Every structure is written in C-alpha cells, then in structure tokens.
Amino acid sequence: MDDLEKAVLILFDESGTVDSELKQKAKDYCDKIKEEQAICSVCIERLCFSNLVQVQFWCLQALHEVIRVRYSSMSLDEKFFIRKSVFSIACLGGFDDKSTVRVLEGPAFIKNKLAQVLVTLIYYEYPLIWSSVFVDFLSQLNKGAVLIDMFCRVLNALDEEVINLDYPRTPEELSVAAGIKDAMRQQCVAQIVRAWYEIVSMYRKSDEELCASVLESMRRFISWIDIGLIVNDAFIPLLFELVLVDGLSEQLRSAAAGCLSAVVLKRMDPQAKLPLLQSLQMHRVFGLVAQDNDSELVSNVAALLTGYAVEVLECFKRLNSEDAKGISMELLNEVLPSVFYVMQNCELDSAFSIVQFLSGYVGTMKTLSSLRETQVGHVGQILEVIHSQIRYDPMYRENLDILDKIGKEEEDRMVEFRKDLFMLLRNVGRVAPDVTQIFIRNSLATAVGSSLDWNVEEVEVALSLFYAFGESINGEAIRTGSGLLGELVPMLLSTRFLCHSNRLVALVYLETVMRYMKFVQENTQYIHLVLAAFLDERGIRHPNVNVSRRAGYLFMRVVKLLRVKLVPFIENILQNLQDTVAGFTRMDYTLKELSGSEDGSHIFEAIGLLIGMEDVPPAKQSDYLSSLLTPLCQQVEALLMNAKVLTPEEAPQKFANIKQIIVAINFLSKGFSERLVTASRPALGLMFTETLDVLLQVLVVFPNVETLRSKVTSFVHRMVDTLGASVFPYLPKALEHLLVDSEPKELVGLLLLLNQLICKFNTLFRDILDEVFPAITGRILNIIPVDTLPSGPGFNTEENRELQELQRTLYTFLHVITTHDLSSVFLSPKSRSYLEPIMQLLLFTSCKHKDILVRKACVQIFIRLIKDWCAMPNGEEKVPGFQSFIIETFATNCCLYSLLDTSFEFRDANTLVLFGEIVLAQKVMFEKFGNDFLAHFVSKGFPAAHCPQDLAEKYCQQLQGSDIKALKSFYQSLIESLRHQQNGSLLVR
C-alpha cells in the first residue's frame with residue numbers, strides 16, 4: 001500500500017480513531033496529488049490495480065473533477081488516453097481483466113461514479129469527437145449482465161447529469177443536451193431500443209432485476225425519443241404482459257408500469273394522442289389497483305391510471321370534433337371508477353392533483369344541458385372522494401379537541417388543504433345541486449346514526465360539507481329552502497350529536513347554522529331551535545371556552561339578522577343568559593380566564609341589539625338596561641373605592657376585571673341609537689351618561705394604567721355616537737385626564753377621538769377644541785421633531801414606529817380641523833404661540849415627507865387656510881405675515897423646488913394626485929393674491945430654477961386661464977424640462 005492509498009483510507013475513515021489533524025494532513029496530501037499533471041494516469045492505474053473501494057471511489061471522483069475543470073486545457077493525447085481507459089474499464093477491458101472486473105463487480109456507488117465520469121466525457125465529446133460511444137457500448141453488451149447493468153447506469157447518469165429538465169440547467173447545458181439528443185435520435189436510439197427489447201425478452205425469466213434496470217432506463221428516455229419505437233406490436237404487448245403476469249417480481253412489473261406511464265404522458269398533439277391512448281386498451285390493468293394498496297406495483301399502476309385519465313381529459317378539452325369528444329368521454333367513463341378507487345385507497349403520485357383533475361372533469365359537465373346516468377354516478381363518486389380527503393385522522397382527535405401544538409398544526413394544515421377541495425365541492429354543487437344535497441343528507445344521517453367512537457370525524461365531515469355547499473347556492477335559494485334545503489336545515493337545527501362536546505364538531509355546527517340563517521329568517525317557526533342551539537350546551541354553555549366565545553359572536557350576528565322577530569323571545573333569552581352575564585359581573589376573575597380574545601363580550605352586543613329596539617316597551621327597556629348597567633357600575637365603583645388598598649399581587653386581576661366591564665358596557669351600548677336615547681327615550685340616555693361619569697373616574701384613580709385608558713377612550717368614542725351632544729359636559733374632563741402623562745400611542749388614540757368629535761359636531765365643537773388644542777399641540781410638538789424622523793437600519797424600533805404613527809395622525813387631525821371650518825382655533829389667544837411651529841412643520845412635510853399621501857394632506861391644509869385667512873373684504877390681513885409666508889416660502893419651496901427633485905415620481909398614481917393639489921394651490925394663490933403671487937413666483941422662483949423666459953410667460957398665460965387640466969399638463973412638462981436642465985440639483989430651501 002503506497003502513500004496515496006494510505007492517505008485515501010485515512011481521509012474516508014469513519015471509525016473515529018483517526019484524529020482530525022491526521023485527517024487534514026491526508027486531505028492536503030490528496031489535494032496536492034490532484035494538482036499534479038499526471039493525475040489522470042495515477043487515477044486510472046489505481047482503478048485498474050487497487051481492490052480498495054475507497055481508493056477506487058477517490059480516483060473516480062478525482063477524474064470527474066479534473067475532466068470538468070481542466071478538459072479544455074488537456075492535450076489531445078491526454079484526452080484520448082482518458083477516453084480509451086475509462087471506456088475500457090466500463091467494458092471489462094484494461095491492463096488486467098481480473099483487476100478491472102473488480103471495478104464493475106464492486107458496490108453500486110462505484111459503478112455509478114464510473115458512469116458519471118463516462119457521461120462527463122460524453123458531455124464534452126459526443127457527437128463531434130467521440131461519435132461512436134453508444135454504438136461501441138452496444139457492441140459490448142453480449143458480454144453479459146455486468147455490461148448491460150453498466151450500460152443502464154450510463155444511460156441513467158446521462159439523463160440525470162445532462163438531459164433531465166427537472167434539474168436546473170444553464171443555457172449552455174441545455175444546448176449541449178439538445179445536441180446529444182439530436183445525434184442519438186439520428187444515430188443510435190433505434191439500436192438502443194432494440195437492445196432493450198431483446199434484453200428484456202431474453203432475461204425476463206432468468207434475471208428479473210436486470211430487466212427492471214433496463215426498463216427504468218427506458219422510462220427515462222421515452223419522453224424524447226420517437227414514440228413509434230415503443231408503441232408498436234412488439235413492445236406494448238410485452239410491457240402489458242410484464243405488468244399482468246402474476247409470477248414475476250414486483251420490481252419488474254412496477255418498472256413495466258412505469259414505462260407505460262411514460263408512454264401515456266408523452267407530449268403529443270391531441271389529434272395523434274387520442275388514438276394512441278385508445279390503442280393501449282388500458283382496461284387490462286384496472287383490476288390491479290384493488291390488490292395490496294401498499295405495494296410498489298399498485299402505486300405505479302395507480303400513477304399509470306391517473307396519468308392516463310388526465311391525458312384523456314386533456315384530449316376531450318382540446319379536440320373539437322364530436323367523434324373525438326365521444327371517444328375521449330368513453331375512455332374517461334371507462335377509467336374513472338378505477339381512478340376514484342385510487343383516489344380513496346392508494347398513495348398518489350405527487351405530480352397528480354386530485355382537485356385539478358376533478359375540477360377539469362366537473363368543468364366538462366358545465367357545458368351539458370343535463371347529466372347522463374353515468375355522469376350522475378361520477379358526481380357521487382367525486383363527492384365520496386371529497387368526503388374521504390377532507391376527513392380528519394382520528395389519531396389527532398384529542399390534540400384537536402384540546403388544541404395543543406400538534407392539534408393546531410394539524411388544524412392549520414387541514415384548513416389549507418381543504419380550500420381547493422371545498423372549491424371543487426362548490427363547483428359540483430352548481431353542476432349537480434340535487435345529487436350534492438342528497439349526498440349531504442345521507443352523510444348527516446349516517447353521522448347521526450353512527451357510534452360515539454367513530455362519530456367525531458364523520459360528523460365533522462358531514463357538517464363541513466354542508467357548510468361549504470352553502471357557498472355554491474345563492475341567498476334566495478337558502479331563503480326559500482329550494483331542493484332538499486327545506487328538509488336539511490330543520491334536520492340540522494333539531495339534531496343533537498353524541499359528540500357535540502368535541503370542539504371541532506361544535507364549531508362547525510354553529511358556523512353551519514349561521515350560514516343557513518336566511519332560511520330561518522323566512523321560516524320563523526324554527527327560531528326556537530336556533531335559540532336553543534346557541535344558548536344551550538351546543539353553544540354559549542359549551543364546556544370549551546373557545547366554542548362558547550365563538551357562539552357568543554355568532555349569536556350576536558343571529559340577533560342582527562333576526563332583530564324584530566326576536567322580540568317575543570327577549571325575556572327567555574335574557575333568562576338563559578343570566579349566568580353568562582353574571583360571569584362578567586362576578587368579582588373573582590382570574591387572568592387565565594381573560595387571556596385570548598374578548599369574544600365573550602359579543603354576548604353584551606347581542607343583548608344590546610335585542611333590548612335597544614324601539615319595538616321593546618319603554619318600561620321594559622329601562623328595566624332591562626338598568627339591570628345590566630347598575631351592577632356593572634357598582635363593581636367599578638367598589639374597585640375604585642378600594643384602589644388605595646390594592647396590593648401589587650391583586651392589581652393585575654382587578655385591572656383585568658375593570659377592563660372587561662368597560663368592554664361589556666361598550667358592546668352593550670352598540671344596540672342603542674342616538675335618536676332612541678336622546679329624543680325618543682331620554683331616560684336611557686341618562687343611564688348611559690351616569691355610566692360614563694363612573695367610568696371616567698377610572699382615569700382619575702388609575703391615570704397610568706395604559707390598558708384601562710385605552711378602554712375608557714374606546715368607550716368615550718362609543719358614547720359620542722350614542723349620546724350625541726349630550727356627551728359635551730363630560731368631554732373637557734375626559735380629554736384632560738386622557739392627556740395626563742400620555743405616551744405617543746395614547747396621544748394617537750386621543751387625536752382619533754378628537755377627529756371623531758370634529759367630524760360629528762363640526763363648529764359645535766369649537767369651544768371645547770379651543771380649550772384642549774393648546775395642551776395637546778404643545779405636548780405633541782415636544783415629542784416629534786420638526787424635520788424627518790430617523791429611519792434606516794437600527795431605527796425600526798417600536799418607539800420610532802409609534803412616533804411615525806403619531807406624526808401621521810397629527811397631520812390628519814390638522815386636516816380635519818381645517819376642512820371642518822375650525823381653522824380659527826389656530827388663531828385663538830391660547831393657541832397663537834403654536835401657529836409658527838405648526839406652519840413650519842406643515843411646510844417641511846408638504847415638501848419632503850416620504851409619504852406622498854401625507855404631503856397631499858399638508859398641501860390641502862395650506863389651500864384651505866389660504867381660502868379662510870386671505871383676501872379680507874377691507875384688504876386687511878386676518879393673520880399678519882401669513883400671506884407673505886405663503887407667497888415667499890410655501891409657493892416657491894413646495895410648488896416649485898420640491899417638484900424638481902427626482903424623487904418626485906410622475907409615474908406614481910399618488911404622486912400625480914399630490915401634483916394636482918399643488919397646481920390647485922397655485923390657482924388658489926393667484927385668485928387670492930393676484931399679481932403679488934405671480935410676480936414673486938415668476939421673478940424670484942423661476943430664475944432660481946433657470947426657467948427660460950418664454951416658458952415663464954406661457955406659465956402666466958396658463959395660470960390666468962380657466963382650464964385647470966391644461967394648466968396641470970403644461971406645468972408637468974415645465975417641471976420635467978427644468979428638471980432635465982438642473983439634473984435634480986436644486987435643493988428645497
């Protein structure tokens with residue numbers, strides 16, 4: 001054993017006894033040998049004489065690398081030596097026949113590596129240099145199984161390394177592959193196919209493994225060789241015989257089925273493809289799929305049948321003649337029962353999409369005026385397939401019920417997986433509504449009658465099918481109960497499944513009831529069944545909190561839908577909900593119970609919608625509302641009174657308690673209109689104002705608890721809509737408390753509240769706004785910078801995002817003020833000191849802010865202020881200095897210089913809208929200031945931008961005209977012309 005062999009053995013050692021330093025030395029030594037000029041000779045000599053597989057593998061690997069890297073720089077003699085030697089080794093030749101035999105009789109990975117080296121030579125040399133390689137190899141096959149096996153490996157390597165398009169290829173590699181295929185088709189493919197046939201015929205009884213290898217190689221080549229070489233009276237009968245004969249090995253039968261699949265999937269013109277598919281007489285293999293479902297043969301036959309069905313369907317779609325369509329449909333009808341069986345019972349090939357195929361088939365039915373008996377049967381089979389595919393695996397039952405990590409992953413997977421199948425169901429429902437409804441009825445009936453253990457997944461599937469089917473029918477059909485719906489919906493409502501305690505079953509049951517509520521809306525005799533479903537242990541009383549909360553939300557939607565029709569049931573509903581409501585009014589909340597969503601609060605919205613109707617007698621209505629609000633307010637008052645003695649351990653629980661009470665009252669109030677509580681029945685309004693007074697105390701007692709502040713703010717929003725102007729006396733105090741120690745996030749909430757108040761009350765809100773504007777503005781201007789907020793890496797922090805949101809909301813606030821005739825607020829004595837910083841902020845933002853929509857809002861603010869504050873009838877300035885600021889600063893900076901920056905992108909839709917506002921601003925300035933504006937803009941602004949005199953004159957003409965569109969078009973071309981001259985170098989001043 002020489003040094004190289006020793007180094008290779010050390011390099012490949014996996015015993016763990018060789019230390020890393022020695023391994024590294026061995027690697028360095030081997031790498032050094034690779035760099036030698038004579039490396040190819042060294043490798044070939046070792047291959048011929050060394051019986052160590054590690055050495056053989058290293059030599060083949062080195063040869064492969066050297067050929068790939070150095071081929072273009074090798075001499076002709078060296079190339080000839082490598083070619084002759086490698087081919088000789090692959091064909092049992094060489095320096096010593098016995099030694100060479102060891103290479104071909106070695107492990108599979110050695111032979112595969114040898115094939116890879118040979119294919120690398122083929123890549124560079126076939127067909128121009130080494131044109132006879134395949135013919136030469138074919139002449140060696142008479143040496144027996146060892147050579148045939150090696151030839152198969154070479155063909156497989158050629159497919160994987162060069163031809164197969166499943167692997168990414170460079171344009172050069174694609175070109176070489178095309179050249180190799182063209183040359184092989186012309187020179188040797190027919191001989192190779194003949195050799196395949198002869199080998200399989202000769203060895204089928206003596207060496208089935210070899211025959212399987214030959215067919216596996218053949219399968220790879222069928223896609224690009226002349227199909228006539230395979231589809232003939234010799235090969236096709238042989239392939240079917242191999243598939244069908246019982247005594248042969250599964251490996252051989254599966255390989256034959258794989259070849260037939262390749263024939264079926266061969267890309268061809270449909271005109272030629274249909275006769276080919278018809279000639280195959282595929283019915284011969286239908287029975288095979290009913291055998292052992294886990295076998296390789298059944299999987300391959302399943303892939304053959306599904307592929308065949310896809311191709312036949314494609315022919316039906318693409319061929320227009322009646323005869324061709326008739327043949328296609330006949331073949332499809334023949335294979336479909338087996339395909340349906342495969343879909344439900346076999347492991348499917350990953351390339352086959354059940355939904356895609358069945359959707360295509362259902363699509364063919366849409367063109368038919370009526371379905372034939374065969375197609376009706378197929379619809380039933382499709383529904384069976386959907387049913388089996390969407391069914392949850394019972395092994396996940398417990399995980400899904402408690403929704404642990406495994407259950408959540410499985411539910412998410414199934415939700416995604418079911419989307420396409422439900423779309424297919426909807427299509428089937430539209431094509432064959434009656435068949436679909438009968439299937440759903442039978443599924444429900446089966447589920448109802450099934451045993452408890454088997455029941456869960458079956459019930460869930462039946463309900464999910466009924467739910468999804470609802471999307472395929474219109475609201476009118478549901479309302480009138482067309483077809484079997486008049487039977488199915490009452491059946492659904494009156495059924496109590498044994499497994500109703502299961503989370504999945506309970507949820508889909510409630511969602512399905514909700515989907516068909518329009519039927520109940522029309523058929524009010526079923527209302528009591530709906531109420532029972534939502535109010536008993538199937539809904540709000542369900543032991544699973546997620547189900548009960550979802551039931552609360554859905555019940556609220558039911559109430560919204562039925563409203564007046566529920567008036568006779570109000571008393572009964574409220575009695576049923578007493579303990580649920582008490583759950584919100586008891587004092588022993590735990591944090592765990594309050595985690596997650598607040599869906600439980602929707603019960604209060606439902607109650608509010610019920611008792612907030614004018615159809616409810618006034619006295620009853622007052623009693624109902626009082627019985628709800630009084631205990632809730634009393635709890636809040638009790639908590640506030642004991643605030644000073646709260647321990648740190650108790651505080652979070654009590655805060656959570658208050659928070660939920662505020663949420664509950666908020667949701668309850670949604671059912672009461674402003675007209676009802678202020679005009680029709682003011683006693684109700686009085687209850688809400690008293691409640692507001694109580695809840696505002698929360699801000700006094702707990703001023704720094706952010707969650708409580710946000711909930712109180714939300715409640716004030718609600719009371720603005722509910723109480724209208726009656727809320728005014730409470731606003732100064734509320735706004736004052738909300739401003740105390742407020743963070744950016746809380747200031748955003750406060751501005752949104754003010755925006756709501758301004759939009760609702762307009763100038764009626766002026767006095768209160770006058771009072772709060774200075775404090776709010778001062779607070780915000782102390783927090784946000786006048787220029788841009790920092791951005792980029794390291795600045796995407798929560799704090800920065802909150803400041804950006806505050807800045808955007810401030811601009812909206814200022815915009816709302818100006819567009820609701822409240823700009824005088826800026827000029828009040830208390831606010832006057834903030835006018836200058838506000839104007840500077842608006843100016844900078846209108847010129848430079850990254851958000852185009854924010855810039856547009858600021859320009860609109862300036863336009864409105866110009867209209868409000870300029871050109872007084874007596875010529876006096878309402879705001880001294882404002883006109884000169886607009887003419888000398890705003891006009892030139894925003895309306896000219898900011899547009900010259902290349903970041904102002906005219907191709908962007910939002911930017912074009914901003915540009916329109918800027919042009920409008922110029923028009924308004926000219927109308928208000930006349931020549932004062934025009935003279936300064938043209939004499940000072942344009943020269944600084946190097947605007948030619950003729951363009952300046954044309955601008956004056958356009959501005960004085962009445963066509964705003966023409967002005968906008970001209971000004972855009974003017975800016976683009978100036979920008980081209982300046983190359984975007986002029987800075988906004």
Side-chain angles (χ1 to χ4, degrees), residues 674 710 713-714 716-721 723-725 727-728 731-732 734-736 738-739 742 744-781 783-784 802-828 830-832 834-835 837-846 849 851-870 878-879 882 890 894 910 913-914 916-918 920-921 924:
E674 181 183 345
S710 70
T713 304
S714 177
V716 176
H717 274 290
R718 168 55 45 201
M719 289 300 99
V720 169
D721 286 336
L723 297 172
V727 83
F728 276 17
L731 289 177
L735 296 171
E736 179 189 337
L738 287 172
L739 191 59
S742 50
K745 190 177 176 182
E746 294 164 327
L747 284 169
V748 168
L750 182 55
L751 290 178
L752 292 175
L753 175 59
L754 290 169
N755 287 345
Q756 179 198 16
L757 288 160
I758 293 167
C759 292
K760 185 171 178 69
F761 300 114
N762 296 300
T763 53
L764 292 174
F765 188 61
R766 178 181 281 115
D767 291 343
I768 297 175
L769 187 61
D770 266 338
E771 288 300 315
V772 299
F773 182 80
I776 290 170
T777 306
R779 178 98 174 97
I780 294 173
L781 292 178
I783 295 174
I784 60 171
E802 287 180 3
L803 285 174
Q804 288 169 351
E805 183 62 24
L806 176 59
Q807 191 186 57
R808 277 193 295 269
T809 312
L810 172 64
Y811 296 129
T812 306
F813 175 55
L814 297 174
H815 188 271
V816 168
I817 288 173
T818 53
T819 53
H820 286 79
D821 299 317
L822 290 166
S823 61
S824 60
V825 168
F826 299 145
L827 307 178
S828 69
K830 291 180 182 176
S831 303
R832 196 70 182 239
Y834 296 110
L835 184 60
I838 288 174
M839 291 302 111
Q840 290 300 329
L841 184 66
L842 290 171
L843 175 66
F844 183 87
T845 305
S846 65
H849 203 282
D851 189 330
I852 293 296
L853 296 177
V854 170
R855 285 173 72 172
K856 182 191 79 170
C858 292
V859 173
Q860 289 173 333
I861 291 169
F862 276 120
I863 292 171
R864 189 61 191 242
L865 292 179
I866 293 166
K867 289 178 178 178
D868 286 357
W869 293 351
C870 298
K878 186 173 183 180
V879 185
F882 181 70
F890 169 74
C894 179
N910 286 332
V913 175
L914 167 61
E917 293 296 333
I918 288 171
L920 177 62
V924 170

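All figures in this text were calculated on a predicted structure; none of them were measured in a lab.
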How long is the span from the CG atom in Leu827 to the NZ atom in Lys878, to the nearest 0.5 Å?
6.5 Å
Give a yes or no on whether the backbone of Asp851 and the side-chain of His849 come within a donor-acceptor separation of less than 3.5 Å.
yes
Which value, rounded to the nearest 0.5 Å, describes the distance between Leu914 atom CG and Ile918 atom CD1?
4.0 Å
Spacing of CG belonging to Leu757 relative to CD1 belonging to Ile768, to within rounding of 0.5 Å
7.5 Å
Verify whether the ring centers belonging to Phe728 and Phe761 lie closer than 6.0 Å.
yes
Rounded to the nearest 0.5 Å, the CG atom of Asp868 sits from the CZ atom of Phe882 at a distance of 9.0 Å
Hey, what's the ring geometry for Phe890 with Phe862, parallel, tilted or perpendicular (30° and 60° as the breaks)?
tilted
Consider side-chain contact (heavy atoms from CB on, under 4.5 Å). Of Leu750, Val748, Leu806, which one does Ile780 pass it with?
Leu806
Examine distances only and state if a side-chain atom of Arg766 and a backbone atom of Asp821 form a donor-acceptor pair shorter than 3.5 Å.
yes
Just by distance, do the side chain of Thr777 and the backbone of Pro774 share a donor-acceptor pair under 3.5 Å?
no
Does the distance from a Lys or Arg side-chain N to an Asp or Glu carboxylate O, for Lys745 and Glu805, drop under 4.0 Å?
no
From CZ (Arg864) to CD1 (Ile817), nearest 0.5 Å:
12.5 Å
Taken in chain and number order and not counting sequence neighbours, the residues that satisfy side-chain hydrogen bond (donor to acceptor under 3.5 Å, both in side chains) with Ser828 are Ser831
Within this structure, what is the CZ-CG distance for the pair Phe765 and Leu754, rounded to the nearest 0.5 Å?
5.0 Å
